[in-house]
Amino acid sequence: DGQFYEYEDLELMEKLDRTALRERRLLNRTLAEKTTPGGILCSEDERVSMVLNADDHIRLQVLASGLDLQECYAKADALDDYINEKIPYAFNEKYGYLTSYPTNVGTAMKASVVVHLPSLTMNKKFQELLGDMGRFGTTVRGVYGRGNENYGDLYEVVNQKTLGITEQEILELVVNVAGQLSAQENQFREVSLSRHRLEREDEAYKSYGVLKYARRMTLKEAMTFLSHVWAGIADGLLKPAEFVSIYRLMIGIQPANLQKRSSKPLGREELEAERARYLREELPKLV
């Protein structure tokens with residue numbers, strides 16, 4: 001694809017670097033704490049990565065913005081075919097790809113979509129709604145915590161089954177559930193705007209003001225205010241002078257990624273000051 005790929009040895013990598021990769025969703029918790037041999041091959045923009053000798057011998061991951069899982073799958077499928085020409089996979093005609101986790105046999109594919117659900121989160125029946133998603137064959141879980149501790153209101157929709165279902169069926173399933181959740185979120189937001197527009201505007205502008213001018217910021221505060229600003233931009237209440245990816249900012253303010261940008265170890269108060277400084281610099285002005 002014309003990109004430069006860099007390889008890192010997980011066994012030799014500093015814990016801070018592995019944690020930062022986890023915050024950027026390139027490693028899971030198990031891999032971030034891994035001390036046995038393994039490696040990660042990653043593209044410059046971090047959209048394509050390959051983890052070696054971790055949960056399985058090879059784990060491919062392709063990321064993209066928006067809801068275009070087909071594009072991600074096409075890239076992963078092409079890379080998968082290229083590797084399989086050089087290295088034969090363990091495959092069974094009945095059970096499909098044989099993985100170290102029996103729950104991943106079959107297609108061995110996980111498709112996921114991250115959705116922002118600030119209004120649905122406030123609904124009393126939200127947890128019940130998430131539980132119902134299991135009936136469709138998907139799991140919906142908080143990206144940066146669980147339940148009321150999921151600051152930022154980001155949720156990941158991911159398929160439960162990999163056996164007895166095709167790759168295309170998995171993609172359609174995840175996209176449909178993510179679409180349903182997003183549609184319900186939009187309905188709640190429309191009702192809220194029509195009934196409480198001034199309150200919503202006040203919440204969005206106050207959150208933007210704190211993010212733009214505060215000198216210290218905890219992770220909980222920053223994630224909560226960024227979620228309000230994200231909703232405000234999506235609803236047309238806030239108009240940034242230039243495009244800003246709130247999701248990128250949410251990743252950027254995570255502890256390890258903040259620490260990596262500093263030339264010295266940061267204590268708690270210093271980390272909060274660095275988080276506030278980062279947001280002041282990265283958040284654009286409003287028009």
Side-chain angles (χ1 to χ4, degrees), residues 1-15 17-22 24-114 136-139 141 156-178:
D1 56 11
Q3 287 200 74
F4 174 75
Y5 284 76
E6 185 174 353
Y7 177 79
E8 292 282 352
D9 192 321
L10 291 176
E11 189 179 19
L12 302 178
M13 192 181 293
E14 295 289 337
K15 184 177 181 181
D17 293 321
R18 295 199 304 270
T19 303
L21 287 175
R22 182 193 167 204
R24 300 203 299 277
R25 300 176 63 74
L26 295 174
L27 296 178
N28 59 28
R29 181 189 295 273
T30 302
L31 299 183
E33 297 173 356
K34 182 181 175 67
T35 56
T36 53
I40 180 170
L41 189 69
C42 195
S43 63
E44 284 181 288
D45 60 8
E46 297 189 344
R47 292 193 172 212
V48 181
S49 61
M50 182 191 311
V51 179
L52 306 174
N53 291 334
D55 297 341
D56 280 299
H57 289 114
I58 299 173
R59 190 197 74 175
L60 305 177
Q61 177 171 278
V62 179
L63 305 174
S65 57
L67 198 57
D68 196 354
L69 283 186
Q70 290 291 348
E71 177 193 348
C72 292
Y73 174 67
K75 288 183 179 180
D77 190 40
L79 185 56
D80 173 66
D81 288 344
Y82 175 79
I83 295 171
N84 199 21
E85 288 176 1
K86 311 288 192 285
I87 305 170
Y89 295 141
F91 185 82
N92 179 277
E93 288 297 328
K94 181 178 180 180
Y95 297 111
Y97 293 104
L98 304 179
T99 65
S100 59
Y101 287 94
T103 51
N104 289 341
V105 299
T107 61
M109 187 179 86
K110 291 289 186 179
S112 72
V113 173
V114 174
F136 298 102
T138 62
T139 297
R141 57 199 179 203
E156 179 185 30
V157 182
V158 61
N159 57 295
Q160 293 178 345
K161 293 172 57 180
T162 56
L163 180 63
I165 185 171
T166 67
E167 287 91 343
Q168 286 301 322
E169 287 171 335
I170 290 173
L171 296 175
E172 290 170 10
L173 171 67
V174 172
V175 167
N176 286 339
V177 170

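Remember, predicted model here, so these are calculated numbers, not experimental data.
- In this structure, OG1 in Thr138 is found 6.5 Å from CD in Gln160, a value given to the nearest 0.5 Å.
- For Asn104, there are no side-chain hydrogen bond (donor to acceptor under 3.5 Å, both in side chains) partners, not counting sequence neighbours.
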Take Leu10 and Leu27, measure what side chain to side chain contact (heavy atoms under 4.5 Å, CB included) needs, and give me the verdict at the end. CA-CA 10 Å; Leu10 291 176; Leu27 296 178; 3.9 Å; yes
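- Side chains of Leu21 and Glu8 form no contact here, defined as non-hydrogen atoms less than 4.5 Å apart.
- Counting heavy-atom neighbours within 6.0 Å of Lys110 NZ, excluding the residue itself, gives a total above 12.
- Smallest separation of non-hydrogen atoms from Leu60 and Ala76: CD1-O, 4.0 Å.
- Taking both residues in full, the closest heavy atoms of Leu163 and Gly106 are given as CD1-CA, 3.8 Å, listed atom of the first, atom of the second, then distance.
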Applying side chain to side chain contact (heavy atoms under 4.5 Å, CB included), run through Asp77 and Glu167 and close with a yes or a no. CA-CA 10 Å; Asp77 190 40; Glu167 287 91 343; over 6 Å; no
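- Panel note: side chain Ser43, backbone Val48; a donor-acceptor pair is recorded below 3.5 Å.
- Of the possible donor and acceptor atoms, none in the side chain of Thr162 sits under 3.5 Å from a partner among the backbone N and O of Thr107.
- One finds the OH atom of Tyr89 at 13.0 Å from the OG1 atom of Thr99 (value rounded to the nearest 0.5 Å).
- When all heavy atoms of Gly38 and Asp9 are compared, the closest pair comes out as O-OD1, 3.2 Å.
- A donor-acceptor pair is defined here as one N or O able to donate and one able to accept, closer than 3.5 Å; such a pair exists between the side chain of Asn176 and the backbone of Glu172.
- One N or O on the side chain of Asn159 and one on the backbone of Met109 form a donor-acceptor pair closer than 3.5 Å.
- No more than 12 heavy-atom neighbours from other residues, nucleotides or ligands sit within 6.0 angstrom of OH on Tyr82.
- Across Leu26 and Leu63, no two heavy atoms sit closer than the pair CD2-CD1, 4.3 Å.
- Taking every heavy atom of both residues into account, Ala178 and Leu67 meet most closely at CB-CD1, 4.3 Å.
- No donor-acceptor pair under 3.5 Å is formed between the side chain of Gln61 and the backbone N or O of Val51.
- For the 3.5 Å distance criterion, the side chains of Ser112 and Glu156 qualify, holding a donor opposite an acceptor.
- In this structure, OG1 on Thr19 lies 10.0 Å from CZ on Arg29, to the nearest 0.5 angstrom.
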Please test Arg59 against Leu31 for side chain to side chain contact (heavy atoms under 4.5 Å, CB included), starting from the C-alpha separation and ending with a verdict. CA-CA 11 Å; Arg59 190 197 74 175; Leu31 299 183; 4.1 Å; yes
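- Contact detail for Tyr95 and Leu98: the closest heavy-atom pair is CB-CD2, 4.2 Å.
- The CG atom of Leu12 sits 10.0 Å away from atom CZ of Arg18, with the distance rounded to the nearest 0.5 Å.
- In this structure Phe91 satisfies the side chain to side chain contact (heavy atoms under 4.5 Å, CB included) test together with Glu93, Tyr97, sequence neighbours excluded.
- Residues Arg25 and Val114 form a side-chain contact, since some pair of their non-hydrogen atoms from C-beta on lies under 4.5 Å apart.
- Side chains of Ile58 and Leu52 form a contact here, defined as non-hydrogen atoms less than 4.5 Å apart.
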Verdict with supporting geometry, Val175 and Gln70, side chain to side chain contact (heavy atoms under 4.5 Å, CB included): CA-CA 10 Å; Val175 167; Gln70 290 291 348; over 6 Å; no
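- Considering only heavy atoms from C-beta on, His57 stays 4.5 Å or farther from Ile87 through its side chain.
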